[in-house]
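Worksheet: one structure, shown below.
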Amino acid sequence: MVKICCIGAGYVGGPTMAMIAYKCPDVQVVVVDISASRINAWNSDHLPIFEPGLDDVVKSCRNKNLFFSTDVEAHIADSEIIFVSVNTPTKTRGLGAGKAADLTYWESAARMIADVAKTDKIVVEKSTVPVKTAEAIEKILTHNSKGVNFQILSNPEFLAEGTAMDDLAKPDRVLIGGRETPQGQKAVAALKAVYAKWIPENQIITMNLWSAELSKLAANAFLAQRISSINAMSALCEATGADVTEVAYAVGKDTRIGSRFLNASVGFGGSCFQKDILNLVYICECNGLPEVANYWRQVVQINDYQKARFVNRVVASMFNTVSGKKIAVLGFAFKKDTGDTRETPAIDVCLGLLGDKAQLSIYDPQVTEDQIGRDLATNKFDWDHPAHLVPTDPTAKKSVTKASNAYEAAKGAHGVCIMTEWDEFKTLDYQKIYDGMEKPAFFYDGRNVINVEALRKIGFIVYSVGKPLDPWMKDLPAAA
Ligand SMILES: NC(=O)c1ccc[n+]([C@@H]2O[C@H](COP(=O)([O-])OP(=O)(O)OC[C@H]3O[C@@H](n4cnc5c(N)ncnc54)[C@H](O)[C@@H]3O)[C@@H](O)[C@H]2O)c1
Ligand SMILES: O=c1ccn([C@@H]2O[C@H](COP(=O)(O)OP(=O)(O)O[C@H]3O[C@H](CO)[C@@H](O)[C@H](O)[C@H]3O)[C@@H](O)[C@H]2O)c(=O)[nH]1
């Protein structure tokens, strides 16, 4: 029986390995992590991450051919294929701070593999890493190898949170990059054989290592660029009276452009887009390509502009101050169907409103009060390190409460902001919400989920990203 070990039991390691175990009953899969609490949760009825469909897959394989363990060394030692799916956050200090990927966790995983390996191993980069990381990892492994042969493969992951299980079951493609040597190609074939158990062979693309590593960064940059492009248009729509939904529809009907990923919003969030683009920017700079670096940097700058613009709309429309005013924040996760809050635009918007001394009442169906407190207290860029290593500031919880539903959050509020497109926000009783609020009652939709006209009819003053402005807001300053 082939034995696979995955280092890192997070949003990628957990679901990806669960899917391999589910589709390959003849493969034994062990997911290991340095965080005991995370491993305990994977072995319990309350998995550490919320992902539709994940519970059923884990339950059907756990303790049969899928295991979760903190015994990192033992499982590395007796596996043939080792996936590394640890954090690769943006560096906060030193060379490349604020842009370059921090490979501390990756390097420590590689050194651990070199230390304990006594038989040949295929080491698979599952984390998103800078181009040429495989070369660095190869050096660490071979210089410490004690005669063991290591083959490094790049196998970037393209799943999106909230749809991870569907994405893993039916991916658009699987990429495998390897060395163009006989041993390298043998390793590629071994990994391909695992995926071929459920993915048609023509969707498993093999290529050289550097192409595979760069393709992942390129794919995320292209996706995020679409969002910044439509968000840039949303500002122009507000200035001219055009409707961004109509513009996106018209543009997306061109089959060369396509309709997906053109939803204007308060900004993209999540652990990947910003981090990976900044990483790309840094790689371009290091390769003497400042024009290319600046091109991609703009994608992040427009995203920051969009979040700041949203806060500005809220404060400017509420008589230029939210000091002491209760504001309901509906949704805190970076997108629906996940409890993940890494780089969620809600953090920047909440911090912007708190900076103007607002009192926030936050409701999200999947995010805990503790998590919200930590997010609003954590230094920017510290969010993607393992949770138990992140320092927090206990004073930051002031002025923020967690509500148990949208109605409670909005009761007595001056304004409501939608930050996440949870389905339940489409069907709330907005008349009831309006009746319980201070007047004038303001509504700011950062995800374009509500029916603007219906809410205006109730009496709300409504702002919805990229939609024709409410007369109340027409003459107010728009720029951040
Ligand atoms: N989240 C996504 O949707 C997504 C999708 C594609 C790719 N990625 C990439 O995958 C990688 C992992 O992302 P994630 O979201 O799963 O992160 P995560 O924080 O959820 O999980 C990473 C895990 O690695 C563990 N870890 C760190 N160092 C370790 C070590 N030396 N030994 C054992 N365990 C260790 C941490 O404790 C943590 O549980 C990142 O490079 C990310 O960019 C993420
Ligand atoms: O039209 C859109 C689409 C998305 N978003 C926002 O963009 C962010 C990212 O969304 P999404 O890409 O769906 O989720 P992620 O889980 O971050 O997945 C992205 O990042 C992963 C990590 O690298 C990749 O594997 C995936 O392919 C890539 O889609 C979220 O805040 C969304 O709300 C928009 O604002 N408008």
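The model shown is predicted, which means the values in this text are computed figures rather than measured ones.
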From [X] [atom1] over to [Y] [atom2], what is the distance, rounded to the nearest 0.5 angstrom?
| X | Y | atom1 | atom2 | value |
| --- | --- | --- | --- | --- |
| Ser85 | Tyr105 | OG | OH | 14.5 Å |
| Leu236 | Asn231 | CG | CG | 13.0 Å |
| Asp55 | Met165 | CG | CE | 9.5 Å |
| Lys126 | Thr16 | NZ | OG1 | 5.5 Å |
| Ser399 | Leu353 | OG | CG | 11.5 Å |
| Phe273 | Leu278 | CZ | CG | 13.0 Å |

With a 3.5 Å distance limit and no angle check, can you tell me whether [X] reaches the backbone of [Y] through a side-chain donor-acceptor pair?
| X | Y | value |
| --- | --- | --- |
| Lys326 | Lys411 | yes |
| Lys325 | Ala413 | no |
| Asn303 | Gly267 | no |
| Glu408 | Ala403 | no |
| Thr344 | Ala346 | yes |
| Thr133 | Val129 | no |
| Lys335 | Glu161 | yes |
| Asn87 | Pro89 | no |
| Asn448 | Val465 | yes |
| Glu238 | Gly466 | yes |

Quick check: closest heavy atoms across [X] and [Y], and the distance to 0.1 Å?
| X | Y | answer |
| --- | --- | --- |
| Leu103 | Pro130 | CD2-CD, 4.0 Å |
| Ser265 | Ile227 | OG-CG2, 4.3 Å |
| Gly10 | Pro15 | O-CD, 3.4 Å |
| Gly339 | Tyr11 | C-OH, 4.4 Å |
| Thr245 | Lys467 | OG1-NZ, 2.7 Å |
| Cys24 | Trp198 | SG-CZ3, 4.0 Å |

*Start with the C-alpha gap between Tyr195 and Asn155, add the side-chain angles, then the distance that decides, and say whether side chain to side chain donor-acceptor pair (under 3.5 Å) holds.*
CA-CA 11 Å; Tyr195 285 111; Asn155 173 222; 2.5 Å; yes

_Ring centre gap for Tyr463 and Trp472 strictly below 6.0 Å_ =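 No: the rings miss the under 6.0 Å criterion.
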
_Sub-6.0 Å ring centroid separation between Tyr430 and Phe443_ =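 Centroid separation for Tyr430 and Phe443: below 6.0 Å.
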
Looking just at side-chain N and O atoms, do [X] and [Y] make a donor-acceptor pair shorter than 3.5 Å?
| X | Y | result |
| --- | --- | --- |
| Glu424 | Tyr363 | yes |
| Gln371 | Asp375 | yes |
| Lys253 | Ser259 | no |
| Gln225 | Tyr295 | yes |
| Ser234 | Gln306 | yes |

*asked:* Apply side chain to side chain contact (heavy atoms under 4.5 Å, CB included) to residues Val58 and Trp42 and explain how you reach the verdict.
replied: CA-CA 9 Å; Val58 169; Trp42 279 110; 4.1 Å; yes

[Y]/[X] salt bridge by N-O under 4.0 Å criterion:
| X | Y | result |
| --- | --- | --- |
| Arg38 | Asp33 | no |
| Asp370 | Arg374 | yes |
| Glu285 | Arg297 | yes |
| Asp56 | Lys59 | no |
| Lys91 | Asp102 | no |

*Passes side chain to side chain contact (heavy atoms under 4.5 Å, CB included), Cys417 versus Phe442? Steps please.*
CA-CA 9 Å; Cys417 299; Phe442 296 88; over 6 Å; no

*Candidate pair Gln431 and Asp435, rule side chain to side chain donor-acceptor pair (under 3.5 Å), full reasoning*: CA-CA 6 Å; Gln431 182 68 55; Asp435 292 343; 3.0 Å; yes

_Lys275: which of Thr128, Thr88, Asn220 passes side-chain hydrogen bond (donor to acceptor under 3.5 Å, both in side chains)_ = Thr88

*Can you name the one residue among Asp364, Thr420, Asp423 that meets side-chain hydrogen bond (donor to acceptor under 3.5 Å, both in side chains) with Lys336?*
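Option passing the side-chain hydrogen bond (donor to acceptor under 3.5 Å, both in side chains) with Lys336: Asp423.
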
Heavy-atom side-chain contact between [X] and [Y] under 4.5 Å:
| X | Y | answer |
| --- | --- | --- |
| Asn40 | Phe68 | no |
| His414 | Val322 | no |
| Phe425 | Asp445 | no |

*Within 6.0 angstrom of Met473 CE, more than 12 heavy atoms from elsewhere*: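 Enclosed: over 12 neighbouring heavy atoms sit under 6.0 Å from CE of Met473.
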
*Show your working on side chain to side chain contact (heavy atoms under 4.5 Å, CB included) between Asn279 and Thr90 and close with a plain yes or no.*
CA-CA 7 Å; Asn279 185 358; Thr90 305; over 6 Å; no

_Residue of the set Ser154, Pro156, Ser211 for which side chain to side chain contact (heavy atoms under 4.5 Å, CB included) holds with Leu175_ =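 Of all the options given, the one that passes is Pro156.
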
*asked:* Before you tell me yes or no, could you show the steps for Ile283 and Leu289 under side chain to side chain contact (heavy atoms under 4.5 Å, CB included), namely the whole-Å CA-CA distance, both residues' side-chain angles and the distance that decides it to 0.1 Å?
replied: CA-CA 9 Å; Ile283 295 167; Leu289 301 168; over 6 Å; no

*Classify the angle between the aromatic ring planes of Phe50 and Trp422 as parallel (below 30°), tilted (30 to 60°) or perpendicular (above 60°).*
tilted

*Quick one: does NZ or CZ of Arg313 land under 6.0 Å from the six-membered ring centre of Tyr444, within 45 degrees of the ring axis?*
no

